[in-house]
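These notes are about the structure you will find just below.
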Amino acid sequence: MPEHGPGRRPVPLPGWSGSHRRPARVAPNLTDSMPEQNILAEQLPNGLTLIMEPMSEVRSAAFSLLVPAGSIYEPTGFNGTASILTDLITRGAGDRNSRELSSALDNLGIQRSESVGWNFITFSAASVAENVIPGLKIYADIIRDPLLPQEQFPAAMSSAEQSLLAIEDDPQRKVLVELRRRCYDAPWNRPVDGTLSELEAVTPANARSHYKTNFRPNGTILGVAGHIDPDRVREAVQELFGDWSTAPAPEVTRVPRKAAETHLAADSAQTHIGLAFDAVPYRHEDYYAAWAAVSILSGGSSSRLFTEVREKRGLCYSVYASLNSLLEEARILAYAGTTVERAQETLDVMLAEIRKLKDGIDDSELFRCKARAKSALIMQQESTAARASAIARDWFHLGRVQTLDEIHGKLDRLTVTDILDYVRSHPVDDITLLAVGPEPLQLPD
Amino acid sequence: MHFHQTQLPNGLQVIAELNPKAQSTAAGFFVRTGSRDETPEVSGVSHFLEHMAFKGDERYTADDINRIFDELGARYNASTSEEVTLFYAAVLPEYLPQTFELLATLITPSLRQDDFDLEKKVILEEIGMYEDLPGFTAYDHVMQQHFSGHPLGNSILGTTESISALTAEQMRLYHADRYKAGNIILAVAGNTTWENVTQLAEEHCGDWPAGDPPRDTTEAAPKGAQFCVPRPSIQQQHVMQLGPAPPSASPLRFAADLLSVIVGDDSGSRLYWDIVDPGYAEAAELSYNDYDGSGTWATYVCSRPEDIRDNLDRVGVIYEEVNRHGVTEEELKQAQNKVSARIVLQSERPMGRLASLGGNWLYRGEYRTVEDDLNVVRSLTTADIRELLNRYPLRQLTTVGVGPLEKLDAPAENSSTPPAT
């Protein structure tokens with residue numbers, strides 16, 4: 001429930017404006033050094049990767065444990081298996097039942113969450129630094145020795161079903177789930193929370209089999225960041241995961257997506273608009289150019305979408321675009337929510353702005369994009385949870401971890417020409433549109 | 001960490017908790033105004049005004065404000081609640097002076113007619129957006145019902161009707177009345193010097209009009225109500241229930257925080273184990289909200305409509321049990337560990353410290369270090385929880401449902417009654 005009332009805008013910050021010619025008020029990159037980092041990456045003989053980033057100025061530590069058991073590994077027709085397993089897996093492990101497990105983590109003050117993604121089930125945890133190794137010990141039980149109690153399966157099933165009903169009730173989330181279904185091939189287009197019509201097919205045996213097949217050290221990535229002693233963490237990880245046996249990685253078969261309706265009727269106050277089109281993934285050499293293009297469209301309040309759609313026309317409260325990257329492909333996903341009678345105009349303006357990028361980008365826009373990125377990179381050093389997750393994610397996408405300095409360098413070298421080259425060589429022609437609301441919308445020519 | 005405070009001649013209070021090792025600096029203006037300070041004719045004006053703040057003054061246009069904040073790489077936003085309007089930014093230390101100048105500009109906007117007309121459309125869209133979020137709709141309505149006749153019942157967003165009818169002149173009058181220096185606190189956390197802070201404050205806030213507008217903070221005496229907002233096309237039933245809890249100045253507030261974690265945290269709490277873990281509901285949570293002079297126990301339950309009645313009964317049984325027998329030592333210990341870790345994690349960022357710094361000063365005129373908060377959390381006993389429950393038992397006094405049900409048929413409230421006063 002909201003602690004504070006509504007703000008000026010939702011997070012993530014949307015944002016832009018036309019071409020301001022006035023001189024920038026801040027010299028770019030006066031002090032260019034990023035905070036010092038020491039990142040250690042190593043692989044256990046069984047294939048588990050451990051990445052550590054010791055941070056001395058904090059009291060906390062966090063880890064992000066990525067197990068390659070995401071929804072793309074579900075058998076076709078059983079979407080929701082990974083989600084149910086994720087619920088079930090914390091209901092007891094090792095010699096602790098569900099409540100004992102939860103109490104043990106609470107007593108360590110572990111702030112935690114488990115989430116299903118396309119590639120991974122992710123276990124995130126953070127606490128005061130001295131509790132992180134004891135926390136890892138409990139997580140080793142969860143990962144390697146879960147009880148997966150049969151009698152609690154109906155409860156896990158009921159929770160999963162209700163989460164899906166909640167998405168049905170939230171058109172903002174619904175449009176993004178269904179947009180993804182329409183813009184990626186299977187199985188990368190599956191909703192990570194499951195699909196109502198497939199959920200009831202999932203049995204306890206499915207959940208157990210998903211666990212057995214996919215919970216394996218090869219492909220698992222553990223990122224640990226914060227006030228840690230790397231030697232002690234390494235020792236603990238070797239002890240906890242060293243004798244975990246390797247298993248073959250399952251095959252994933254790509255099935256081309258099918259065309260689907262561009263309108264889902266809903267009795268909602270607003271029409272919720274989703275748009276998707278191709279981009280390049282995180283590992284691609286043009287990634288930062290693509291990222292900058294999205295940032296110029298939607299990073300900050302001076303970005304083009306925010307300025308043209310909201311500030312100049314008052315068409316909506318929330319409008320944004322984001323770059324969504326899988327390992328080998330990526331999409332730009334854009335959203336706006338607006339009242340029915342203004343929805344078509346909103347869509348038209350959004351698309352016009354997206355297409356206009358190729359006509360020119362002002363230096364000042366790139367400048368702002370770099371300034372925001374630099375600040376965000378430095379502030380990431382204030383959150384151990386953000387760092388733990390970033391180093392694990394980097395490893396998955398790149399097979400190595402980039403330092404903040406390296407990322408900053410890449411951004412800093414970007415020119416307007418680089419971004420224009422990118423935008424022009426990736427014309428926005430294959431657009432996926434979805435509207436959730438009372439009326440359908442038309443893509444303009 | 002070093003704490004500093006001063007007051008400008010016009011009454012603006014300036015506080016700072018400085019940490020030379022932080023990577024960033026956060027600054028915020030806490031304006032002691034919100035929906036509770038509105039009359040019915042201007043319902044929603046505080047929040048609308050918060051948006052208008054970003055439209056600039058004689059010196060800066062709306063485009064300038066958006067552009068310069070982005071040039072500075074600032075992470076910034078604003079929020080409006082029942083009683084505080086907050087404007088804040090986190091930025092790399094070297095960019096604090098320009099960021100501060102812009103933040104200060106937000107407090108004295110021109111409120112131009114054409115900007116007002118355009119932004120009104122955005123506010124109406126925002127009302128539409130929240131209408132599509134059943135949980136928020138339930139919150140808005142349960143506050144209105146519970147605090148009926150009390151200013152805390154005023155809606156933050158206002159309604160389509162009140163916003164449509166609002167004029168720029170009414171907003172100007174409200175601004176002149178509420179945005180006086182004595183009603184504003186400037187809080188700064190993170191990496192800068194006190195000299196910087198005072199100099200910036202004097203330069204950019206020194207000429208703000210003095211004054212300290214009053215606020216009626218009489219404790220509410222809610223009588224309870226039941227209300228349904230039928231939404232035939234949605235799947236789940238969302239219910240919020242409120243009961244009286246300690247006000248923000250009460251020393252019982254720490255115990256109230258811990259009790260809400262023990263009883264209604266989103267995992268490992270009594271509501272969680274008895275209602276969420278077995279799959280009866282998607283969510284069943286208790287939170288403690290404190291306001292100037294009043295407070296609420298806020299229960300949120302979301303489940304299939306056919307199960308909602310049973311779930312509310314289950315909540316009632318748990319509350320009754322807690323009211324009678326209190327909590328166990330083990331539960332308390334666990335909640336203390338949970339809350340302590342949360343405090344540490346939240347305080348690692350200057351942005352995380354800002355809310356607590358400003359809130360403590362605004363509500364209680366006090367400065368508390370992270371250690372102060374950790375110490376008080378660790379020192380609480382089951383006897384403190386008992387004392388809290390004697391004074392403010394857990395209640396489901398006011399109930400609002402949003403969902404397919406036209407009538408909630410909520411159970412009679414548990415028999416715990418507040419003590420005679």
Side-chain angles (χ1 to χ4, degrees), chain A residues 1-2 4-9 17 20 24-26 30-31 35 57-60 99 102-103 106-107 109 111 126-128 154-155 158-159 162-163 165-166 168-172 267-270 300-302 310-311 314 316-318 337-339 367-368 371-372 374-375 378-379 381-383, chain B residues 21 23-24 47 50-51 54 62-63 66-73 77-81 90-92 94-95 98 118-119 121-122 125-126 128-129 131-136 139 156-157 233-236 267-268 273 277-279 282 287 298 300 303 334 337-338 340-342 344-345 348-349:
Chain A
M1 284 300 95
H4 277 286
R8 181 165 127 86
R9 61 189 163 200
S17 94
H20 287 282
R25 294 170 52 85
V26 190
L30 284 173
T31 50
E57 299 298 339
V58 294
R59 285 171 76 173
S60 73
R99 279 184 191 239
S102 168
S103 294
D106 282 348
N107 279 325
Q111 308 291 298
S127 189
V128 286
S158 173
S159 295
Q162 293 191 67
S163 315
L165 292 172
E168 295 297 311
D169 288 351
D170 183 345
Q172 241 183 94
D267 180 19
S268 51
Q270 291 190 313
S301 299
S302 65
R310 176 167 152 171
E311 298 290 82
C316 66
Y317 174 75
S318 179
T338 181
T339 32
F367 173 87
R368 290 196 294 276
R372 294 181 69 256
K374 177 186 163 193
S375 152
I378 292 177
M379 289 191 207
Q381 284 296 98
E382 294 173 338
S383 163
Chain B
K21 289 183 172 173
Q23 309 271 9
S24 66
H47 168 252
E50 174 228 298
H51 279 234
F54 291 85
D63 276 354
N66 286 341
R67 180 178 51 81
I68 300 169
F69 268 131
D70 284 350
E71 284 170 4
L72 296 163
N77 209 337
S79 67
T80 307
S81 71
V91 72
L92 301 183
E94 63 264 38
Y95 300 142
Q98 297 103 312
L118 188 60
E119 196 62 19
K121 295 185 191 172
V122 175
E125 287 298 338
E126 191 175 352
M129 178 184 83
E131 249 175 69
D132 284 346
L133 295 171
F136 187 88
Y139 174 82
I156 297 170
L157 285 173
S233 65
I234 71 173
Q235 307 286 323
Q236 295 278 85
S267 76
W273 288 117
D277 180 76
E282 194 215 350
S287 51
Y300 173 66
S303 79
Q334 198 167 297
N337 289 334
K338 253 177 156 173
S340 300
R342 276 177 203 176
V344 170
L345 286 166
E348 282 187 343
R349 306 188 121 168

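Only heavy atoms go into these numbers, but all of them, side chains included; no hydrogens, no water, no symmetry mates. Residue numbers start from 1 in every chain, and the chains themselves are labelled A, B, ... in the order their sequence lines are given, proteins ahead of strands.
- The backbone N or O of A/Ser301 sits less than 3.5 Å from a side-chain atom of B/Asp70, completing a donor-acceptor pair.
- The OG atom of A/Ser103 lies 9.0 Å from the NZ atom of B/Lys338; values are rounded to the nearest 0.5 Å.
- Interface remark: A/Glu57 contributes side-chain atoms only to the contact with chain B (heavy atom separation under 4.5 Å).
- No part of B/Ser340 comes within reach of chain A, as not one of its non-hydrogen atoms sits under 4.5 angstrom from that chain.
- Side-chain contact between A/Gln172 and B/Asp132 is absent, with no heavy-atom pair separated by less than 4.5 Å.
- In this structure, CD in B/Glu348 is found 3.0 Å from OG in A/Ser60, a value given to the nearest 0.5 Å.
- Atom OG of B/Ser267 is separated from atom CD of A/Gln111 by 8.5 Å, given to the nearest 0.5 angstrom.
- With contacts defined as side-chain heavy-atom distances shorter than 4.5 Å, the pair A/Ser375/B/Tyr95 does not qualify.
- In this structure, the portions of B/Ala90 lying under 4.5 Å from any heavy atom of chain A include both its backbone and its side chain.
- Shown here for A/Ser383 and B/Arg349, the closest heavy-atom pair between the two residues is CB-NH2, 3.5 Å.
- When each of A/Arg59, A/Glu382, A/Gln162 is scored by its heavy-atom pairs under 4.5 Å with chain B, the top score falls to A/Gln162.
- Across every non-hydrogen atom of A/Ser163 and B/Glu282, the tightest pair is CA-OE2, 3.9 Å.
- The candidate from B/Leu133, B/Val91, B/Leu345 with the greatest count of non-hydrogen atom pairs under 4.5 Å with chain A is B/Leu345.
- Listed here is the closest heavy atom pair of B/Ala341 and A/Gly109: CB-O, 3.0 Å.
- Contact record, B/Gln236 with A/Asp169: N-OD2, 2.9 Å, taken as the closest heavy-atom pair.
- Ranked by heavy-atom pairs under 4.5 Å with chain B, the first of A/Glu168, A/Met379, A/Gln381, A/Arg99 is A/Arg99.
- Counting heavy-atom pairs under 4.5 Å between each of A/Asp267, A/Thr339, A/Val128 and chain B puts A/Thr339 at the top.
- Residues A/Ser159 and B/Gly279 share a closest heavy-atom pair of OG-CA, 4.1 Å.
- A/Gln270 contributes a side-chain N or O that, together with a main-chain N or O of B/Glu125, makes up a donor-acceptor pair within less than 3.5 Å.
- Taking CZ from A/Arg368 and CG from B/Leu72, the interatomic distance works out to 11.0 Å, rounded to the nearest 0.5 Å.
- Atom SG of A/Cys316 is separated from atom CD of B/Glu126 by 11.0 Å, given to the nearest 0.5 angstrom.
- Within the 4.5 Å cutoff, the side chain of B/Glu119 has heavy atoms near those of the A/Glu311 side chain.
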